[in-house]
Amino acid sequence: MIENNEEFYFDTEEYIEIIIYYLELGDYSYAEMAVNHALSIHPNSLEIKTKQLEVFLELERYVKAKELIDELHQSSLEDTDFLVCCAKYYSNLGNPKKSIEYCQRALQLEEEENFLHNFIADEYVNLDDPFNALKHYTSALEHDPFDDYSLENVMLCYNLLNRPVEALDFLNQYLDKFPFSETAWYEYGQFHFNKKNYEEAIKGFDYLLAINSMAVGVYANKASCFEAMGEWDKAIAVYEEMLELEYTKAFTFYKIGLCYKEAKKLVPALTSFQKSLREDPQFYLAMMEQSHIYEELGNIKESLYFAQEASLLNEGNVEYQKRLAFLYITSGDYEESLVCLKKLIESEPTRFYNWYAYSEVLMLLGEYEDAITILDKALKAHPRAELYYQLSNCYFHLKNESEGVLQLKKALDLDPSLSKDMQQKYPSIKEQVKKIKAKKK
């Protein structure tokens, strides 16, 4: 009708159905268009005006919504939809108490009780009142025993109230009445998992899978129980069942690899991480795990390659930069490690060892002046003996003996116990340490 610029007559009920359709679809511009057309035909319809109020609320036009609420207030106080709109209006404006008042009034009309009790409960959650929220989620569940939203939130409220015994009693009673409830068995499994009662959690997940063997995510929950128990082979078996049902398998292969790694089976672990990458060539978690495996197998070249690839895909990951720096240093690629170390002192300036490692590598490269610049910055945040030992080493290498002695004295004053290790690392300070100690005697 709109496309052809035609005019057809619809009665009020038909317009209501059209508006509801677009509201449920989330297409609020078409819902508004339908409302405006409906009002041009039925300008005095309270039902259509109530739908207009819903549209205003979805479009966050709160000034117009309030004007319409005031207009309809006297004539629509016995209309559940209008009262719900009023409740939504006050809820959206951050006034949950007023919202609850309108919902309570709507409850007296004995319509939509399940929805209204959930609405009230949500508002009590916004008020940080899980006690009253629990009462209304429970009431909602009484009006619709198969409402998963109510059931999940009942358990959430018990958790917030720290009432685990009552939560378990509630679940057991519910399962006695509705033994085929997938949500209830899931909650049962999660409850026992959180209590570290893993064998009982597995029972809950097994019941759920007996009801619905296609519930892919539940296999992961069951496998997590076996992982928590250190039963890696059983966890792997569950993940392999899960693979049969999945379209995207990269993460599951990755989890299998982690289980093999924990079981000290490095070659099968490596194979699983490789399968993960075949499924998703940009899955950097599997790349980094391959790096760890190759390192354990003594293949530093491959280890470095996969660490580089993983870091390129996740440049902001500080731990990846640390690992990459370590591998570069292990490989003797000191220049390359400096790039990573520079990122580390920029992203974590408060971590002492980032500065310590950076200056250490600069000294290995013979860049003593650059090392001094870095150490001066580091000492402002970390006035530690190790840095003064490093600084003295730099000055001695640059033939600035007086400054070297000055920094070495500071180091020895701060922590003389490090002296022996530091002399082994920096032979240039040995003679000066002896002289300083001799003078003190």
Side-chain angles (χ1 to χ4, degrees), residues 291 295 298 300-301 303-305 307-308 310-312 315-441:
S291 172
E295 184 193 348
I300 296 297
K301 184 179 178 182
S303 178
L304 180 58
Y305 169 76
Q308 287 171 323
S311 297
L312 283 172
E315 290 185 16
N317 190 314
V318 174
E319 296 306 313
Y320 282 19
Q321 292 300 321
K322 289 177 185 176
R323 172 156 181 77
L324 195 53
F326 163 76
L327 290 171
Y328 277 133
I329 293 167
T330 304
S331 304
D333 296 334
Y334 300 125
E335 292 277 2
E336 296 290 343
S337 75
L338 287 177
V339 177
C340 303
L341 292 166
K342 185 179 179 184
K343 289 179 182 177
L344 290 176
I345 63 169
E346 289 171 353
S347 57
E348 289 185 335
T350 58
R351 286 186 66 87
F352 162 73
Y353 284 104
N354 292 340
W355 296 95
Y356 183 77
Y358 194 12
S359 56
E360 191 75 12
V361 173
L362 285 169
M363 288 190 291
L364 286 170
L365 289 167
E367 303 288 346
Y368 296 109
E369 290 182 356
D370 289 343
I372 288 170
T373 302
I374 291 300
L375 287 164
D376 284 339
K377 291 179 181 177
L379 282 163
K380 290 175 182 176
H382 309 282
R384 288 178 54 158
E386 294 95 321
L387 301 180
Y388 283 111
Y389 280 113
Q390 287 182 320
L391 200 53
S392 66
N393 180 55
C394 291
Y395 280 117
F396 287 132
H397 275 280
L398 292 170
K399 310 301 181 188
N400 188 341
E401 191 168 304
S402 61
E403 193 63 35
V405 170
L406 178 63
Q407 303 305 328
L408 185 55
K409 284 180 178 177
K410 291 179 183 177
L412 289 166
D413 287 341
L414 278 171
D415 194 342
S417 67
L418 291 172
S419 172
K420 188 176 179 180
D421 289 338
M422 289 298 172
Q423 288 177 70
Q424 288 180 338
K425 288 187 75 172
Y426 313 124
S428 65
I429 71 172
K430 276 186 178 180
E431 289 302 317
Q432 293 298 335
V433 169
K434 289 178 185 176
K435 290 178 182 178
I436 293 169
K437 287 184 175 179
K439 283 181 181 179
K440 285 186 177 180
K441 288 178 183 177

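When a residue number appears, it is its place in the shown sequence, counting from 1.
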Derivation and outcome, side chain to side chain contact (heavy atoms under 4.5 Å, CB included), residues Leu412 and Tyr388: CA-CA 9 Å; Leu412 289 166; Tyr388 283 111; over 6 Å; no
Could you tell me whether the side chain of Tyr426 reaches within less than 4.5 Å of the side chain of Gln390, counting heavy atoms only? yes
Measure the spacing between OH of Tyr356 and CD of Glu386 and express it to the nearest 0.5 Å. 6.5 Å
Rounded to the nearest 0.5 Å, what's the gap from OG on Ser291 to CD on Gln308? Could you check? 9.5 Å
Kindly indicate whether the side chain of Ile329, heavy atoms from C-beta on, has any atom under 4.5 Å from the side chain of Ser331. no
Is there a side-chain contact between Glu401 and Tyr395, using heavy atoms and a 4.5 Å cut-off? no
Assess whether side chain to side chain contact (heavy atoms under 4.5 Å, CB included) is satisfied between Ser359 and Lys377, documenting all intermediate values. CA-CA 11 Å; Ser359 56; Lys377 291 179 181 177; over 6 Å; no
Heavy atoms from other residues, nucleotides or ligands near NZ of Lys425 exceed 12 (cutoff 6.0 Å): yes
Going from CD on Gln423 to OH on Tyr389, what distance comes out if it is rounded to the nearest 0.5 angstrom? 8.0 Å
Say you draw a straight line from CD of Gln424 to CD1 of Ile429; how long is it, rounded to the nearest 0.5 Å? 10.5 Å
Stepwise, does the side-chain hydrogen bond (donor to acceptor under 3.5 Å, both in side chains) test hold for Glu348 with Tyr353? CA-CA 10 Å; Glu348 289 185 335; Tyr353 284 104; over 6 Å; no
Kindly assign one of parallel, tilted or perpendicular to the pair Phe352 and His382, based on the angle between their ring planes and the thresholds 30° and 60°. perpendicular
Distance check, rounded to the nearest 0.5 Å: Glu315 atom CD versus Leu324 atom CG? 11.0 Å
Do Val433 and Lys430 have side chains that get closer than 4.5 Å, going by heavy atoms? no
For Pro383 and Leu414, the nearest pair of non-hydrogen atoms, with its separation, is O-CD1, 3.8 Å
Does the distance from a Lys or Arg side-chain N to an Asp or Glu carboxylate O, for Lys322 and Glu319, drop under 4.0 Å? yes
Listed partners of Ile345 passing side chain to side chain contact (heavy atoms under 4.5 Å, CB included), at least two apart: Asn354, Trp355, Tyr358, Ile374
Side-chain heavy atoms of Cys340 within contact of Phe326, under 4.5 Å: no
What's the verdict on side chain to side chain contact (heavy atoms under 4.5 Å, CB included) for Leu304 and Asp333, showing C-alpha distance, side-chain angles and the deciding distance? CA-CA 11 Å; Leu304 180 58; Asp333 296 334; 3.9 Å; yes
Side-chain heavy atoms of Leu338 within contact of Tyr328, under 4.5 Å: no
Side-chain contact, heavy-atom cut-off 4.5 Å: Asp376 with Leu391? yes
On a heavy-atom basis, the closest approach of Cys394 and Ala371 is SG-CB, 3.7 Å
Can you confirm whether Lys410 is buried at NZ, in the sense that more than 12 heavy atoms of other residues, nucleotides or ligands lie under 6.0 Å from that atom? yes
Any non-hydrogen side-chain atom of Leu365 less than 4.5 Å from a side-chain atom of Asp370? no
Pair Tyr334, Glu360: side-chain N/O donor-acceptor within cut-off below 3.5 Å: no
Measure the CZ-CD distance between Phe396 and Glu403 for me, rounded to the nearest 0.5 Å. 10.0 Å
